[in-house]
Amino acid sequence: MSKREVDIVVISDVHLGTYGCHAKELLKYLKSIKPKMLILNGDIIDIWQFSKSYWPESHMKVVRRILKFVTDGIPVHYLTGNHDEMLRKFTDFNLGSFQLLNKIVLNIDGKKAWIFHGDIFDVTMQHSKWLAKLGAVGYDSLILINSLTNWFLTAFGRQKMSFSQKVKARFKEAVKFINQFEQTAADLAVDKNYQYVICGHIHHAEIRAIENTDKTGSVLYLNSGDWVESLTSLEYMNGEWKIFKYNPDDFNTDADEDDKTDAEDLDAKLDVKTLLERFKQEPH
């Protein structure tokens, strides 16, 4: 199967290590593309909820696929988020084509792109982190229940549904939070004279021009969504940004079924379980 060539791919909010993560779908997507640059914009590994008892092989294969990009010389920028904030103590780490950062500014075809996760705009994260962590556990539980419900709906030929997206759509405060998040990002980006501002965090994929509050300028705001519910990423090709949304019908056959990367002894190559356990135990 030929791979799609893409200039830049931005992925965020994968939440590896949680039940809601769609690692198998993400793996198929990663196998189908040949990016010139990969940006992992936060919450890729969910260290908040990490447990040694749950790290499926499919999650490990996603990590290995990302490392395959690195060994192939493809620039991979890992930008930290709130769920993987423990990695922030290692920022500015470089290994070949791999970089660990909190944020990055790129020149993309003459336009400056400001890229970061976005949790800095979350008041709950800044002042009540314990509440945010409690909410993360509740969200993961809701996703697990939702997955079971969708299994029964599919079995009876019914259409799948998303509990959390229905909750977000019905509650004005959730919609207000998203709008405020986007406006804050746009205001700061215009003030810093950036043409693009690219975030994750809120699990809501979006591409739209936003005028700043003072009506003195505008910026193209982009959000890569997530791989828990939306299964989306951002792609830049031929001077244009697009939202990629995973469609299972486009991936009926597993790309590169005999992939040597998947066949390797993954645990022997990189013991992520032990590594993440060490991150959790270190003071921060």
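With values rounded to the nearest 0.5 angstrom, D187 atom CG is found 11.5 Å from Q180 atom CD. The CG atom of L30 sits 9.5 Å away from atom NZ of K3, with the distance rounded to the nearest 0.5 Å. Between atom CG of residue D46 and atom SG of residue C21 there is a gap of 9.5 Å, rounded to the nearest 0.5 Å. To the nearest 0.5 Å, atoms CG (N223) and CG (L234) are separated by 7.0 Å. Taking CD from E182 and CG from L222, the interatomic distance works out to 10.5 Å, rounded to the nearest 0.5 Å. A distance of 9.0 Å separates NZ of K103 from OG1 of T91, quoted to the nearest 0.5 Å.
Remark: side-chain polar atoms of N41 are paired, donor with acceptor, to backbone N or O of H117 under 3.5 angstrom. Put simply, the side chain of H59 gets close to the backbone of G17: a donor and an acceptor are under 3.5 Å apart. Here the side chain of D84 pairs a donor or acceptor atom with the backbone of G81 at under 3.5 angstrom. Side-chain atoms of D214 do not come within 3.5 Å of backbone N or O of T216 as any donor-acceptor pair. Not a single donor-acceptor pair under 3.5 Å links the side chain of N212 to the backbone N or O of I210. Without hydrogens or angle criteria, S224 side chain to G200 main chain gives no donor-acceptor distance under 3.5 Å. Not one N or O on the side chain of T80 forms a donor-acceptor pair closer than 3.5 Å with the backbone of G42. In this structure a side-chain-to-backbone donor-acceptor pair under 3.5 Å is missing from H77 to Q99. Put simply, the side chain of E240 never gets that close to the backbone of E235: no donor and acceptor are under 3.5 Å apart.
Nearest approach of R208 to E206, heavy atoms of both residues: CD-CD, 3.8 Å. Across I11 and S233, no two heavy atoms sit closer than the pair CG1-CB, 3.9 Å. Between K24 and S58 the shortest heavy-atom distance is CG-CB, 3.8 Å. The two atoms that bring V9 and P35 nearest to each other are CG2-CB, 3.9 Å, heavy atoms only. When all heavy atoms of C199 and A185 are compared, the closest pair comes out as SG-CB, 4.3 Å. Closest non-hydrogen pair, L38 versus I74, comes out as N-CG2, 4.4 Å.
Considering only heavy atoms from C-beta on, I47 stays 4.5 Å or farther from E85 through its side chain. Counting only heavy atoms from C-beta outward, the side chains of Y54 and T18 never approach each other to under 4.5 Å. Within the 4.5 Å cutoff, the side chain of Y78 has no heavy atoms near those of the I66 side chain. Contact of the L79 side chain with the L40 side chain is not registered, since no non-hydrogen atoms from C-beta on lie closer than 4.5 Å. The closest side-chain heavy-atom distance from Y236 to K36 is not below 4.5 Å. Residues K68 and R64 are not in side-chain contact: their nearest non-hydrogen atoms beyond the backbone lie 4.5 Å or more apart. Using a 4.5 Å heavy-atom threshold, the side chains of F181 and H204 count as separate. Inter-residue side-chain proximity for L27 and K31 is flagged as met; some heavy-atom pair is nearer than 4.5 Å.
Note on I33: it clusters hydrophobically with L231, by side-chain heavy-atom contacts below 4.5 Å among ILVMFWY residues. Hydrophobic cluster membership is shared by Y29 and L16, with clusters built from Ile, Leu, Val, Met, Phe, Trp and Tyr side chains linked at under 4.5 angstrom. Cluster annotation: V14 is not connected to I8 through the hydrophobic network of ILVMFWY side chains, with a link wherever side-chain heavy atoms come within less than 4.5 Å. Hydrophobic clustering, with ILVMFWY side chains joined whenever heavy atoms are under 4.5 angstrom apart, keeps W241 apart from V197. Under the 4.5 Å side-chain contact rule for hydrophobic residues, L87 and F93 share a cluster.
In terms of the salt bridge (charged side-chain N to carboxylate O under 4.0 Å, His left out) criterion, K242 has no residue partners (sequence neighbours excluded).
Partner D226 forms a side-chain contact (heavy atoms from CB on, under 4.5 Å) with one of H22, H203, H15 and no other, that one being H203. With H201 as the fixed residue, the side-chain hydrogen bond (donor to acceptor under 3.5 Å, both in side chains) test singles out one of D13, D43, N82: N82.
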message: Let's go through V62 and R65 carefully: what are the C-alpha distance in whole Å and the side-chain angles of both, what is the deciding distance for side-chain contact (heavy atoms from CB on, under 4.5 Å) to 0.1 Å, and is it a yes or a no?
response: CA-CA 5 Å; V62 169; R65 175 56 49 175; 5.6 Å; no
- prompt: Under the side-chain contact (heavy atoms from CB on, under 4.5 Å) criterion, do I39 and L106 qualify, and how do the steps go?
  reply: CA-CA 11 Å; I39 299 172; L106 296 176; 3.7 Å; yes
Salt bridge (charged side-chain N to carboxylate O under 4.0 Å, His left out) between D119 and R88, intermediate numbers included: CA-CA 13 Å; D119 56 294; R88 285 176 175 164; 3.0 Å; yes
Would you mind writing out the side-chain donor-acceptor pairs for residues 189-196 within the sub-3.5 Å range, not counting sequence neighbours?
residue: Q195; atom: OE1; partner: K112; partner atom: N; Å: 2.8
residue: Q195; atom: NE2; partner: N193; partner atom: O; Å: 3.4

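Aromatic ring centres of F69 and F98: separated by at least 6.0 Å.
Relative orientation of the W227 and F244 rings is parallel, given thresholds of 30° and 60° on the angle between their planes. The aromatic rings of W114 and F116 sit tilted relative to each other, their planes meeting at an angle between 30° and 60°.
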